[in-house]
Trainee: 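Once you've had a glance at the structure underneath, I'll fire off some questions.
Residue indices begin at 1 and follow the sequence shown. Remember, it's 1-based here, ligands and their atoms both numbered in the order they're listed. Side chains are part of it too, since the values below use all heavy atoms of this structure and drop only hydrogens, waters and symmetry mates.
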Amino acid sequence: METIVNILSTRYITHNVKQFRLQKPAGFSFTPGQATELSVNRPGWKDKKNPFTFTSLTDDPYLEFTIKIYPDSDEGVTNQLSKLAVGDELILRDAWGAIEYKGPGYFIAGGAGITPFIAILRYLNKQGKLAGNKLFFSNKTDKDIILADELKSMLGPEAVFLISGQKDSVHDTRRIDETFLKAEVSDFTKHFYVCGPDAMVEQINSILARLGASADLVVFER
Ligand SMILES: Cc1cc2nc3c(=O)[nH]c(=O)nc-3n(C[C@H](O)[C@H](O)[C@H](O)COP(=O)(O)OP(=O)(O)OC[C@H]3O[C@@H](n4cnc5c(N)ncnc54)[C@H](O)[C@@H]3O)c2cc1C
């Protein structure tokens with residue numbers, strides 16, 4: 001089903017990630033980790049449907065999305081989204097499963113691949129059920145880390161930030177490879193949730209398979 005919803009607020013939460021809060025239609029529901037396809041309700045854009053993940057809590061009175069903007073892409077939906085303001089309209093569709101929490105384990109995210117985990121971790125935090133979960137969150141530079149403070153305040157030392165492209169980073173600069181996982185994972189029988197760019201998800205999945213673990217994967221393309 002398609003519903004037209006208004007933008008209630010927008011704000012940049014990093015230099016290139018914008019949070020959008022939208023009207024929540026009565027009765028609309030989703031589970032943490034699910035996504036939907038959004039379009040901009042303007043001529044020429046209505047049929048461009050791109051997937052984005054809900055980051056609000058299921059009982060928040062609004063719907064929230066956390067979206068990395070690609071300003072270099074004139075034909076791109078996120079560039080168009082970045083130009084919208086309060087009161088502008090989006091087309092919202094039904095929620096569908098991307099990734100689902102099945103029990104304590106390891107969350108491994110790259111860049112905007114953190115979004116399904118924001119939803120799940122916020123939900124678990126609210127229920128007081130975060131124990132036993134650990135996050136490895138990889139980004140190019142320190143300033144790319146989405147919601148670093150919130151993730152640290154929820155998970156404390158169980159939120160580990162990894163930086164791949166900044167030598168003077170204040171964070172861990174190791175790559176998430178086999179050596180890293182062998183050093184950092186104490187239990188390969190726990191759940192693994194992996195979300196990020198294609199190459200990262202593929203690589204981590206094959207390492208986990210070699211190490212005897214199985215993972216739930218979401219590919220965020222490129
Ligand atoms: C299930 C799911 C959930 C998602 N949830 C989120 C979310 O919550 N937040 C979020 O930020 N993202 C999310 N994504 C990713 C998001 O859908 C895409 O990043 C977004 O649709 C890109 O839109 P765009 O039209 O602006 O970008 P595009 O026009 O596709 O461009 C994106 C980037 O790729 C480059 N590019 C374009 N075409 C090519 C090409 N042929 N070869 C190489 N590079 C190219 C562009 O220059 C630009 O830098 C999700 C994806 C999936 C599958």
Trainee: Are the ring centres of Phe52 and Phe65 closer than 6.0 Å?
Mentor: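 Centroid separation for Phe52 and Phe65: 6.0 Å or greater.
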Trainee: Can you tell me if CD on Gln127 sees more than 12 non-hydrogen neighbours from other groups inside 6.0 Å?
Mentor: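 For Gln127, atom CD is crowded (more than 12 foreign heavy atoms under 6.0 Å).
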Trainee: Identify, by atom number and element, the atoms of ligand 1 in contact range of Gly76, meaning under 4.0 Å from any of its heavy atoms.
Mentor: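 Listed by number with element, the hits are 24 (P), 25 (O), 26 (O), 29 (O).
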Trainee: With a cut-off of 4.0 Å, which atoms of ligand 1 are near a heavy atom of Asp72?
Mentor: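 Those of ligand 1 that fall under 4.0 Å from Asp72 are 46 (C), 47 (O), 48 (C), 49 (O).
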Trainee: Please indicate whether Asp149 has more than 12 foreign heavy atoms, meaning atoms of other residues, nucleotides or ligands, lying under 6.0 Å from its CG.
Mentor: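 At most 12 heavy atoms, drawn from other residues, nucleotides or ligands, come within 6.0 Å of this atom.
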Trainee: Got a salt bridge between Asp177 and Arg175, using NZ or NE/NH1/NH2 to carboxylate O under 4.0 Å?
Mentor: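 Not counted as a salt bridge, because no side-chain N and carboxylate O are separated by less than 4.0 Å.
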Trainee: Rounded to the nearest 0.5 Å, how far apart are CD of Gln80 and CG of Leu90?
Mentor: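 The distance works out to 10.5 Å.
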Trainee: Is there a heavy atom in Trp96 that sits closer than 4.0 Å to ligand 1?
Mentor: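 Contact check Trp96 vs ligand 1: positive.
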Trainee: Using distance alone, decide if ligand 1 has a nitrogen or oxygen within less than 3.5 Å of any nitrogen or oxygen in Pro51.
Mentor: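 Yes: some nitrogen or oxygen of Pro51 is under 3.5 Å from one in ligand 1.
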Trainee: For Phe180 and Phe136, I'd like to know if the aromatic rings sit close, meaning centre-to-centre distance below 6.0 Å.
Mentor: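 Under 6.0 Å, so yes.
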Trainee: Measuring from the heavy atoms of Phe65, does anything fall under 4.0 Å of ligand 1?
Mentor: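 The answer is no: ligand 1 sits nowhere under 4.0 Å from a heavy atom of Phe65.
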Trainee: Could you tell me whether Thr53 and ligand 1 have an N or O pair separated by under 3.5 Å?
Mentor: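 Such a contact does occur with ligand 1.
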Trainee: Out of Asn79, Leu38, Asn50, whose heavy atom sits nearest atom 23 (O) of ligand 1?
Mentor: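 It is Asn50 that holds the nearest heavy atom.
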Trainee: At less than 4.0 angstrom from any non-hydrogen atom of Ala112, what atoms of ligand 1 do you find?
Mentor: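 Going through ligand 1 atom by atom, the ones under 4.0 Å from Ala112 are 10 (C), 11 (O).
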Trainee: Can you tell me if Val219 contacts ligand 1 (heavy atom of the residue under 4.0 Å from the ligand)?
Mentor: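 Within the 4.0 Å threshold, so yes.
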Trainee: Could you pull out, from Phe220, Tyr70, Phe20, Phe52, the option with a heavy atom nearest to atom 49 (O) of ligand 1?
Mentor: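 The option holding the nearest heavy atom is Tyr70.
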Trainee: For the pair Lys190 (side chain) and Gly132 (backbone), establish whether a donor and an acceptor sit closer than 3.5 Å, ignoring hydrogens and angles.
Mentor: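 Side chain of Lys190 to backbone of Gly132: a pair is present.
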Trainee: Below 4.0 Å, non-hydrogen atoms only: which portion of Thr115 touches ligand 1? Side chain, backbone, both or neither.
Mentor: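 Looking at Thr115 and ligand 1, just side chain atoms fall under 4.0 Å.
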Trainee: Is the terminal nitrogen or CZ of Lys152 (NZ for Lys, CZ for Arg) located under 6.0 angstrom from the six-membered ring centre of Phe161 and within 45° of that ring's axis?
Mentor: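 Ring-cation test returns yes.
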Trainee: Based purely on interatomic distance, does Ile67 place a nitrogen or oxygen under 3.5 Å from a nitrogen or oxygen of ligand 1?
Mentor: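 N/O-N/O distance under 3.5 Å: no.
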Trainee: Can you check which of Pro197, Ser73, Ser82, Pro116 brings a heavy atom nearest to atom 28 (P) of ligand 1?
Mentor: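 Among Pro197, Ser73, Ser82, Pro116, the closest heavy atom to atom 28 (P) of ligand 1 belongs to Ser73.
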Trainee: Report the distance from atom CG of Asn6 to atom CG of Asp88, rounding to the nearest 0.5 Å.
Mentor: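 These two atoms lie 8.5 Å from each other.
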Trainee: I need the atoms of ligand 1 closer than 4.0 Å to a non-hydrogen atom of Lys68, numbered in the order shown.
Mentor: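 Contacts of ligand 1 toward Lys68, numbered from 1: 10 (C), 11 (O).
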Trainee: In this structure, are over 12 heavy atoms from other groups packed under 6.0 Å from Asp168 atom CG?
Mentor: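 Atom CG in Asp168 is crowded, with more than 12 foreign heavy atoms closer than 6.0 Å.
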Trainee: Have a look at ligand 1 and work out which part of Thr66, if any, has a heavy atom under 4.0 Å from it: side chain, backbone, both or neither.
Mentor: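 Thr66 to ligand 1: backbone contact only, side chain stays beyond 4.0 Å.
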